[in-house]
Each structure stands twice: as C-alpha cells, then as structure tokens.
Amino acid sequence: MATLGEIREAIKETLEENIPGIKCYRYIPENALVLPAIIVEPEMASFVEAMGRGTDRWDFTLLVLVGYNHLESAQNNLDPFVSGHGNKSIREVIFQNKTLGLENVNATVERVYDYGMRFAPDTQGRATEALGARLGLTVYTRGYSTG
Amino acid sequence: MSSLVLVDVTTYVGEFNLTTKMNSLNLNIQADELDATTFGNNGFRTRVAGIKDVMADLSGYWEDDVDNEVFGSLGVAHDAVTISPTGVEGDTAYLWRGEKFTYQAFGAIGALTPFSVSMSGSHNQGVARGTLLKKQGTVTSTGATGTAFEISGGIGSDAALYSHFHVFDAGTTVTAVIESADNDEFEDATTIATHSALTAVGANIQRVAGPITDEFFRVRVTAITGSFSVACAIGVGV
C-alpha cells in the first residue's frame with residue numbers, strides 16, 4: 001500500500017522529473033509560489049472500494065498555476081500543462097507513469113476544470129498574480145501492506 | 001452479532017483468497033418452490049420446498065492473478081468455497097463446493113477494470129453453515145491454531161460435520177486434524193477428521209457423519225515441514 005504522504009511525494013517527483021521547469025508543491029504552500037506551479041490537494045478518499053481493505057481510492061486536485069501579466073499570454077503558458085499530450089502535459093506524464101513509481105498504485109488524470117481561475121496578491125502582496133486550472137487525478141492503491 | 005457494515009466479506013475458493021479483489025458478493029441459498037395446491041384448499045395456495053441449491057455472484061477488480069485463477073478453473077467442478085461475512089475467527093462461515101460457470105471481465109473507459117464470476121453448487125455436500133476456525137495465516141509448527149468453536153448440542157445423527165482446509169502457499173508437507181471434545185479445554189480430545197499430508201496449494205475437504213456428541217471443535221496441525229499459509233472452516237450440513 002502507499003500512504004497519503006507517499007502518494008503526494010510520488011506525484012511531486014513524477015511531475016517535476018518529467019515536466020521541464022515546473023515546481024510542484026506536495027502541500028498547499030504557506031508562502032508565495034514559484035511559477036509555474038502545481039499544488040497537490042487531496043480532495044476525497046474512499047476506503048470501501050474492496051473487501052478486506054483491498055483497494056483505497058484517493059481523488060486529488062492538481063491546481064496548476066502560471067504567472068499572469070497578460071491574459072492571452074498567460075493562457076498560452078497554461079495550455080500546455082492542461083493539454084492531453086505534449087512535453088508539458090500533466091495528463092501525459094501521469095499516463096506514462098501510472099504507478100508514480102510506487103507498488104500497487106494506479107493513477108489517472110480524468111478531467112480538467114475551472115480553467116481560467118485568477119489569483120491576486122493579498123493586501124501584503126504575498127502572492128504572485130496567477131492564472132490557473134484544476135485537474136482531477138484519481139489514484140488507486142492497496143489498502144493493506146503486502147509485505 | 002449486530003448489524004454489519006459489509007467491508008470484510010472473506011471468500012476462499014480452493015487455493016485462492018479472493019477477498020481483497022472483490023467489492024461485491026451475493027450468496028443465494030434457495031429451495032425450489034413447488035406448488036401443491038389442491039381443490040378444496042380454502043382458496044389459498046399450498047407450497048412445499050423442493051431441491052435446494054446454492055449460487056454466488058462475485059465481483060471486484062480484475063488483476064492478473066484473478067484472471068489466472070478464474071480462467072484456469074472455469075468449468076472445473078467442486079471448488080471448495082468458504083465464505084465468511086467478517087473474516088473473523090469464530091464468526092459465521094458457509095461451506096460448499098461450487099463450479100464457476102460464468103466469468104466476465106473488463107468494462108467502460110475510465111473505470112477500474114472490473115470482473116465478475118458466477119458460481120453454482122456442484123456437489124451434494126450442499127451448504128454447511130458453521131464458522132471460520134482459522135482465517136488465512138502462516139503456520140510453521142505443530143499445535144492447535146486458530147479459534148475453537150462450540151456447536152451447541154453437537155452434531156445430530158441426520159447431519160454431518162464438514163471441514164474445509166485451504167492451502168494458499170505451500171511448504172513441503174502439512175497435516176492438520178479437526179479435534180472434538182466435551183470441554184473447552186480439549187482434555188481427552190478426539191481426532192474426528194484428518195487433512196492428511198498436504199503438499200501443494202489447494203483445498204482439502206473432510207466430512208464426518210453424525211452423530212457427534214462433543215460440542216467443542218478446533219483445528220490442530222499435527223505434522224509440518226516448511227511454512228504454509230492456510231485457513232480452516234467447519235460447518236454443519238447434510
């Protein structure tokens with residue numbers, strides 16, 4: 001089985017190793033982001049997928065953000081990350097690395113949504129203005145140790 | 001036992017533990033419903049029970065080892081089937097011999113690959129109801145193992161005790177016996193069934209005809225060489 005922490009770390013490593021120049025945060029960061037960035041957010045878990053803790057399901061939101069100076073150029077920078085294929089495609093990287101380097105794990109990017117989200121700096125200017133989108137990532141793992 | 005959230009239904013079929021591959025199980029035990037209504041019956045039907053049957057529909061997530069097991073045993077009669085709603089030693093178990101007649105695999109895009117298997121009873125053993133004496137676990141030495149079970153009143157003369165001994169991983173050889181006693185300390189215990197010299201994965205079934213006046217039963221390994229992963233259940237049937 002893989003723990004939540006192991007899955008978060010594996011997502012981060014998989015994406016950073018395969019997408020040039022991306023910074024992936026396994027936790028929601030407290031401070032300003034280095035862009036472009038992907039933030040791993042656990043959304044939902046199901047522990048009743050199979051009898052005897054056979055399978056657990058984790059649904060993650062991958063929030064992908066790019067710098068925002070100009071709306072059209074920001075979209076131009078965001079599109080490769082949410083595309084179905086290409087050297088920056090998050091979907092393609094996960095498709096080619098379904099196990100995330102872990103045992104008994106199967107990961108799939110199922111959808112893109114909330115394209116065009118905008119993030120503005122707070123009153124202390126502690127964030128960078130960004131344009132983003134969300135991807136739904138589903139990860140199945142054993143619910144028990146095979147060791 | 002109170003109401004039960006169904007998360008640990010344990011299913012052993014021969015040498016295979018399907019439990020963690022499955023997310024649904026329907027066990028159907030029935031008797032044919034024969035209409036015996038006659039004229040002059042006060043306007044109501046009369047029914048009697050006919051031949052009994054047992055069937056099970058198992059479904060879950062397809063994996064290579066599931067496919068290997070089910071594909072290889074499709075249409076092979078008399079698989080030893082042990083089903084426990086909890087997988088806990090001492091809890092209820094159903095014992096029967098079945099044959100896989102239908103195997104379905106794969107489904108829609110985006111879903112975790114499913115499978116389903118339909119089994120039907122294939123032996124006049126019918127269904128025995130009892131308990132899981134030992135859930136799947138490793139044994140490497142002789143001695144009593146698992147949890148003893150009390151059958152109040154013993155086994156009647158019109159009934160029989162069935163024992164399923166499943167071997168999931170085999171060492172060199174193992175022999176296990178079912179012992180009965182009139183006390184829960186198993187003083188002066190009697191060997192009533194022997195699962196003898198098992199050397200490979202699979203399942204061994206023993207039947208002991210009633211009457212058995214003893215009320216306490218357990219499984220004991222009497223000889224073993226190597227390490228075995230085993231489970232054992234007993235039940236009362238016909």
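- Heavy atoms of T11(B) lying under 4.5 Å from chain A are absent altogether.
- Among residues 228-238 of chain B, no residue has any heavy atom closer than 4.5 Å to a heavy atom of chain A.
- For the pair D8(B) and G52(A), the tightest heavy-atom approach, listed with the atom from each and the gap, is OD1-CA, 2.8 Å.
- Within a 6.0 Å radius of NZ in K21(B), more than 12 heavy atoms belonging to other residues, nucleotides or ligands are found.
- Enclosure of atom CG in N69(A) is not indicated, since only 12 or fewer non-hydrogen atoms of other residues, nucleotides or ligands lie within 6.0 angstrom.
- Atom CD of E150(B) sits in a crowded spot, with more than 12 heavy atoms from other residues, nucleotides or ligands closer than 6.0 Å.
- Under a cut-off of 6.0 angstrom, the local environment of CZ in F47(A) is crowded, with over 12 non-hydrogen atoms contributed by other residues, nucleotides or ligands.
- Interatomic distance, L6(B) CG to M51(A) CE, rounded to the nearest 0.5 Å: 4.0 Å.
- Heavy-atom pairs under 4.5 Å with chain A peak, among L112(B), L25(B), N23(B), at L112(B).
- Heavy atoms closer than 4.5 Å to chain A are found nowhere in T10(B), neither backbone nor side chain.
- Chosen from N106(A), T108(A), T55(A), the residue pairing most often with chain B at heavy-atom distances under 4.5 Å is T55(A).
- Within the structure, salt bridge (Lys or Arg N to Asp or Glu O under 4.0 Å) pairs that include any residue of residues 109-120 of chain A comprise D114(A)-R134(A), R118(A)-E129(A) (at least two apart or interchain).
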